[in-house]
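Everything on this sheet refers to the single structure shown next.
Only heavy atoms go into these numbers, but all of them, side chains included; no hydrogens, no water, no symmetry mates. All residue numbers refer to positions in the sequence shown, counting from 1.
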Amino acid sequence: MPVYNEHQLNFIRHSCEILHDVEEHLKSIIREGMITAELDEIAEKMILDADALPAFKGVKGDPDYPATCCISINEEVVHGIPSPRKLKSGDIVSIDCGAIYKGYYSDAAFTVAIGDVGKTAMSLIEATRNALFAAAEKIRPGGRIGDLSEAIQKTAEKKGFSVVRHLY
């Protein structure tokens, strides 16, 4: 496990601050009618203007990842590619973004409800948030990934939801 000095930690902190600013700005402007590609362009400009690089853009794959953010809507679990798709009332939008500042990475994700999403969708958002916190409580030196996974699954199932078992 790497040990970082104060100089390196400052670069990591700054990378995280850049993403925090991107997240807060996107949360403040996201609305019905916006297209996901527009949100991605805004995030990329903010990251570049902060003398950082988008961490996801160009990640090797088949094809390489083409965008700064992963923007997933509703049933899309992860890694949604920004497009001309317009957001509409009732959408649940998850945005995952990363930045590289002086070689140090940060990664953050958040979810936003657009307009009236209904009780079930709000319950899902709350359950996933609670599952995150339940998993975080299990983190400890020598801990096992299975402990985190179990906490997530139990929290989701307690609220009537299930976990994704396969990604294609």
Side-chain angles (χ1 to χ4, degrees), residues 1-6 8-24 26-27 30 36 39-40 43 47 52-83 90-114 117-168:
M1 186 161 142
V3 176
Y4 297 101
N5 63 40
E6 192 60 33
Q8 294 167 314
L9 288 173
N10 284 333
F11 287 149
I12 294 168
R13 281 185 198 100
H14 191 68
S15 186
C16 293
E17 289 167 358
I18 291 166
L19 274 188
H20 178 265
D21 291 346
V22 169
E23 176 180 331
E24 291 304 307
L26 292 181
K27 283 180 180 178
I30 194 169
T36 59
L39 292 166
D40 188 69
I47 291 169
L53 297 171
F56 300 171
K57 194 166 192 173
V59 167
K60 299 297 177 203
D62 187 22
D64 295 351
Y65 195 74
T68 293
C69 299
C70 298
I71 304 178
S72 305
I73 303 171
N74 300 328
E75 73 284 346
E76 298 170 348
V77 179
V78 292
H79 306 144
I81 298 172
S83 70
D91 284 340
I92 299 173
V93 183
S94 293
I95 300 177
D96 187 2
C97 195
I100 306 168
Y101 179 74
K102 300 205 183 283
Y104 294 89
Y105 286 71
S106 57
D107 186 329
F110 64 95
T111 300
V112 177
I114 305 296
V117 297
K119 286 183 190 179
T120 302
M122 288 307 294
S123 182
L124 172 62
I125 292 170
E126 180 183 343
T128 57
R129 183 176 180 84
N130 291 341
L132 171 67
F133 292 137
E137 289 176 7
K138 299 293 183 181
I139 297 172
R140 65 185 182 286
R144 303 170 65 114
I145 293 290
D147 297 337
L148 281 67
S149 301
E150 180 182 39
I152 291 167
Q153 182 175 346
K154 283 184 176 179
T155 303
E157 289 175 349
K158 191 183 306 180
K159 294 293 184 178
F161 298 103
S162 60
V163 296
V164 174
R165 297 186 187 282
H166 302 284
L167 293 175
Y168 299 97

Subject >> Residue Y105 excluded, over 12 heavy atoms near OH under 6.0 Å >> reply: no
**OP:** Spell out, as yes or no, whether a donor-acceptor pair under 3.5 Å connects the side chain of D107 to the backbone of G98.
**Re:** no
Subject >> side chain to side chain donor-acceptor pair (under 3.5 Å) against N10, all qualifying residues, sequence neighbours excluded >> reply: R13
**OP:** Examine distances only and state if a side-chain atom of S72 and a backbone atom of S94 form a donor-acceptor pair shorter than 3.5 Å.
**Re:** no
Original post:
So, does Q8 use its side chain to make a donor-acceptor pair with the main chain of N5 at under 3.5 Å?
Top reply: yes
Original post:
What residues form a ring pair (Phe, Tyr, Trp, His ring centres under 6.0 Å) with F11, not counting sequence neighbours?
Top reply: H7, Y101, Y104
Original post:
What's the shortest heavy-atom distance between C69 and C97, and which atoms?
Top reply: SG-SG, 3.5 Å
Pair up each side-chain donor or acceptor in residues 53-64 with any protein partner under 3.5 Å, not counting sequence neighbours, and list the distances.
{"residue": "K57", "atom": "NZ", "partner": "E44", "partner atom": "OE1", "Å": "2.9"}
{"residue": "K57", "atom": "NZ", "partner": "E44", "partner atom": "OE2", "Å": "3.2"}
{"residue": "K60", "atom": "NZ", "partner": "D64", "partner atom": "OD2", "Å": "3.4"}
{"residue": "D64", "atom": "OD1", "partner": "G61", "partner atom": "N", "Å": "3.1"}

Listing, residues 124-138 side-chain donor-acceptor contacts under 3.5 Å, not counting sequence neighbours, or none:
{"residue": "T128", "atom": "OG1", "partner": "L124", "partner atom": "O", "Å": "3.2"}
{"residue": "T128", "atom": "OG1", "partner": "I125", "partner atom": "O", "Å": "2.9"}
{"residue": "N130", "atom": "ND2", "partner": "E126", "partner atom": "O", "Å": "3.4"}

Original post:
What's the spacing between S106 OG and I47 CD1 if we round to 0.5 Å?
Top reply: 7.5 Å
**OP:** Check the pair I30 / I95 against side-chain contact (heavy atoms from CB on, under 4.5 Å), numbers first and verdict last.
**Re:** CA-CA 11 Å; I30 194 169; I95 300 177; 4.2 Å; yes
**OP:** Return yes if some donor-acceptor pair links the side-chain N/O of S149 with the main-chain N/O of I145 below 3.5 Å, else return no.
**Re:** yes
Original post:
So V78 and C70, side-chain contact (heavy atoms from CB on, under 4.5 Å) or not? Walk me through it.
Top reply: CA-CA 7 Å; V78 292; C70 298; over 6 Å; no
Original post:
So with a 6.0 Å cut-off around NZ of K27, is the heavy-atom count from everything else above 12?
Top reply: yes
Original post:
Considering all heavy atoms of both residues, which atom of V22 and which atom of A43 are nearest to each other, and what is their separation?
Top reply: CG1-CB, 3.8 Å
**OP:** Could you grab the distance from atom CD1 of I71 to atom CG of L26, nearest 0.5 Å is fine?
**Re:** 7.5 Å
Subject >> Shortest non-hydrogen separation from Y65 to P82 and the atoms involved >> reply: OH-CD, 3.6 Å
Original post:
Does D147 have any salt bridge (Lys or Arg N to Asp or Glu O under 4.0 Å) partners at least two apart in sequence or in another chain, and if so, which?
Top reply: R140
Original post:
Nearest 0.5 Å, what's the CD1-CE distance between I92 and M122?
Top reply: 8.5 Å
Original post:
Looking at residues at least two apart in the chain, or sitting in another chain, which of them share a side chain to side chain donor-acceptor pair (under 3.5 Å) with K154?
Top reply: E150
